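In the text below, chain A, chain B and the rest are named by the order of the sequence lines, each starting its count at 1. No experiment lies behind these values; they were computed from the predicted model shown.
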Amino acid sequence: MHLPIRAVTPETESAEIIGWVHEVRDLGGLAFFLIRDRTGIIQVTIPKKKVPAEILDVARNVSRESVVRVQGTVKAIEKAPGGREIVPEELELISTAESPLPLDVAEKVPAEMDTRLDSRFLDARKPRVRAIFCIRSAVTCAATAFLASRGCINIATPKIVAAATEGGTELFPIAYFEKEAFMNQSPQLYKQMMMAAGFEAVFELGPIFRAEEHNTVRHLNEATSLDVEVSFADHNDVMELLEDLIVHVYDYVAKNCADALEELGVELAVPAKPFPRIPYAEAIEIANRTVEERLAFGDDLSPAAERALGDTVGQHYFVVDWPTDIRPYYAMPYPDRPEFCKAFDLMHPRMELSSGAQRIHDHDLLVERIGAKGLSPESFEFYLKPFRYGMPPHSGWGLGIERLVMTMLDLPNIREAVLFPRDRHRLTP
RNA sequence: GCCCAGGUAGUGUAGUGGCCUAUCAUGACGGCCUGUCACGCCGUCGACACGGAUUCGAAUUCCGUCCUGGGCGCCA
């Protein structure tokens with residue numbers, strides 16, 4: 001049985017390892033192979049005059065990034081990486097890598113994002129890249145475990161839908177037998193329907209699809225959303241749940257991903273609760289102090305405004321009390337000032353991470369709001385029906401996982417946080 | 001979609017009309033080397049996105065096409 005490379009210590013007597021050939025250095029009578037698996041790198045030293053001819057034969061023909069199995073004696077060598085090396089008794093070439101490689105896994109020479117994504121499987125062999133996805137895994141595991149611990153039921157809703165969820169955003173049309181269908185832009189309507197189902201608290205981690213032709217470092221056409229909906233909760237309750245979740249996830253990653261964080265050179269600061277709540281009107285004012293292109297009341301926050309606010313606040317914060325007109329039809333207006341609604345955005349200093357709201361649970365008000373947005377209530381009948389049979393008050397939010405990982409690790413491009421990004425121009429691999 | 005910047009060996013780059021059958025690094029191949037750790041040294045190999053135009057002469061200027069990056073817009 002082979003050992004993970006990390007498990008081979010200077011005290012190990014003999015070991016079998018399997019991994020990729022990271023680098024070869026041939027000094028003539030002595031050759032060094034660096035072998036890498038997901039746990040680390042170990043040096044295999046071949047004193048050419050002392051090892052069997054079969055090993056030399058194999059060693060001569062091994063290319064970088066081939067998969068090899070090495071069985072040998074472990075020697076404590078202070079100069080070797082990890083303080084130990086293996087002198088092989090057996091060397092087996094398991095799978096050959098063609099040469100030249102499409103990119104340099106050892107990162108002596110950098111590669112552009114486009115080149116990297118074309119050969120993502122190779123790119124992901126880089127310890128730095130793998131570290132991002134180990135952390136992303138920890139983020140989603142910690143977040144879903146946290147929500148389960150708070151009594152949320154993990155649901156799965158359709159990604160193929162008959163009609164536009166909410167109007168507005170562009171959808172990807174697909175052929176569904178003889179009907180037209182769409183890829184779902186959000187589980188919004190379905191998670192709300194589960195409030196009518198009496199589930200009381202639900203979450204879903206899944207893909208969302210948006211056909212917008214954006215071309216930026218913070219947008220994807222297929223993204224991952226963590227959606228939450230809670231009955232008998234108002235917007236303040238779910239904001240608290242959201243900030244608890246963010247703090248928990250940061251704390252979990254800080255405690256459980258030390259190696260990956262070190263690999264990325266990230267010193268993770270766990271944000272402090274409570275996050276500031278900044279009313280929309282105040283946010284506009286703060287942004288207008290520094291942003292050249294003045295925002296008017298009723299404008300959405302521009303990227304420049306988000307950065308200006310982020311610089312001012314310097315940590316995670318909520319923008320609350322949005323004008324009802326620029327939020328979706330299902331956001332609950334304040335009864336005493338209906339031009340504002342109980343909607344919020346969770347912001348990282350760099351960008352928006354999440355948006356949410358208390359939802360309208362009154363059927364007639366909802367129909368009115370759908371109409372006011374220029375949409376036809378008839379096409380939302382499957383969604384409106386539950387509101388006629390006992391819909392509890394409820395609130396929720398959707399959190400972009402890629403943006404969470406991107407901001408947590410200070411990644412320059414959201415594509416770094418997705419294995420196989422779908423953007424305006426990329427559909428493969 | 002708009003604006004800006006780009007496309008040169010497998011990868012990352014230099015190169016603003018002739019000195020470029022193109023620089024450097026990495027890589028691959030061959031040679032020397034028994035402690036490298038971005039090993040070193042010598043040699044070899046490998047590229048101007050595509051089409052058109054201007055010019056005695058184009059990697060370099062112009063036009064078109066395709067592709068890429070970034071900003072903006074769009075994004076409940």
Side-chain angles (χ1 to χ4, degrees), chain A residues 22-34 41-51 60-61 63-65 75 77-83 85 87 97-119 122-123 164-171 185-186 188-189 208-221 223 225 293 299-307 322-331 341 343-345 351-352 354-357 359 369-370 373-375 396-398 400 403 412-413 415 423-426:
Chain A
H22 190 69
E23 226 178 306
V24 179
R25 294 192 195 106
D26 191 341
L27 275 61
L30 190 63
F32 299 105
F33 286 67
L34 294 181
I41 289 180
I42 193 166
Q43 175 167 287
V44 172
T45 301
I46 302 177
K48 291 186 185 171
K49 287 178 183 161
K50 294 180 190 165
V51 299
R60 236 195 313 276
N61 293 311
S63 55
R64 290 163 78 223
E65 295 305 320
K75 289 187 176 171
I77 299 278
E78 216 170 283
K79 285 184 161 186
E85 65 181 15
V87 178
E98 280 183 19
S99 183
L101 298 162
L103 55 81
D104 176 18
V105 177
E107 291 199 277
K108 287 180 189 173
V109 178
E112 291 193 347
M113 182 66 72
D114 196 47
T115 305
R116 293 172 51 201
L117 292 176
D118 279 341
S119 302
L122 266 184
D123 184 56
T165 304
E166 305 162 36
T169 189
E170 296 290 321
L171 304 181
Q185 68 184 92
S186 152
Q188 178 66 29
L189 306 188
I208 56 173
F209 305 91
R210 300 185 179 186
E212 287 129 17
E213 298 195 346
H214 32 48
N215 197 356
T216 79
V217 293
R218 60 187 185 283
H219 287 96
L220 294 164
N221 292 291
S225 178
E293 288 209 17
D299 286 344
D300 210 341
L301 298 177
S302 63
E306 289 183 356
R307 285 191 292 269
W322 287 75
T324 307
D325 284 349
I326 58 170
R327 300 300 289 205
Y329 57 80
Y330 48 73
C341 64
F344 59 87
D345 279 359
M351 70 186 78
E352 176 189 334
S354 168
S355 62
R359 325 298 190 182
R369 294 296 309 153
I370 289 173
K373 288 279 179 186
L375 302 167
W397 41 259
R403 286 190 176 187
N413 190 320
R415 293 166 183 81
D423 61 30
R424 180 66 187 83
H425 301 291
R426 181 172 288 276

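Of the P atoms belonging to B/U65 and B/C4, the separation is 15 Å, rounded to the nearest Å. The gap from the C1' atom of B/U16 to that of B/U60 amounts to 6 Å, rounded to the nearest Å. Of the C1' atoms belonging to B/A14 and B/U26, the separation is 15 Å, rounded to the nearest Å. If you take atom P in B/G64 and the same atom in B/G69, they sit 22 Å apart, rounded to whole Å.
Other residues, nucleotides and ligands place no more than 12 heavy atoms under 6.0 Å from the NZ atom of A/Lys75.
Atom pair A/Glu107:CD and B/U26:P shows a separation of 16 Å (rounding to whole Å applied).
A/Arg307 comes within 4.0 angstrom of the backbone, heavy atoms only, and of no base. When heavy atoms are screened at a 4.0 angstrom cut-off, A/Ile326 is found touching the sugar-phosphate backbone but no base atom. Residue-level contact check: A/Pro47 touches neither bases nor backbone, having no heavy atom under 4.0 Å from any strand. Contact annotation for A/Ala343: no contact, since no heavy-atom pair falls under 4.0 Å across all strands. Contact annotation for A/Glu65: no contact, since no heavy-atom pair falls under 4.0 Å across all strands. Using a 4.0 Å heavy-atom cutoff across all strands shown, A/Arg116 reaches no nucleic acid atom at all. A/Asp300 comes within contact range of no nucleotide atom at all, as no heavy-atom separation falls under 4.0 Å.
Under the 4.0 Å criterion applied to side-chain N and carboxylate O atoms, A/Arg60 and A/Asp26 are not assigned as salt-bridge partners. Between A/Arg327 and A/Asp345, at least one side-chain N (NZ, or NE/NH1/NH2) sits under 4.0 Å from a carboxylate O, which counts as a salt bridge.
Ranked by how close their nearest RNA chain B nucleotide is to the 5' end, A/Leu103 and A/Lys79 are led by A/Leu103.
If you check distances only, the side chain of A/Gln43 does reach the base of B/U36 with a donor-acceptor pair under 3.5 Å. The base of B/C74 does not come close enough to the side chain of A/His214 for any donor and acceptor atom to sit less than 3.5 Å apart.
Between A/His425 and B/U68 there is a side-chain polar atom (N or O) within less than 4.0 angstrom of OP1 or OP2. Here A/Arg424 does not reach the OP1 or OP2 of B/C75: none of its side-chain N or O atoms lies under 4.0 Å away. For the OP1/OP2 pair of B/G70 and a distance below 4.0 Å, the side-chain nitrogens and oxygens of A/Asn413 include at least one atom meeting the criterion.
Counting only heavy atoms from C-beta outward, the side chains of A/Asp114 and A/Arg426 approach each other to under 4.5 Å.
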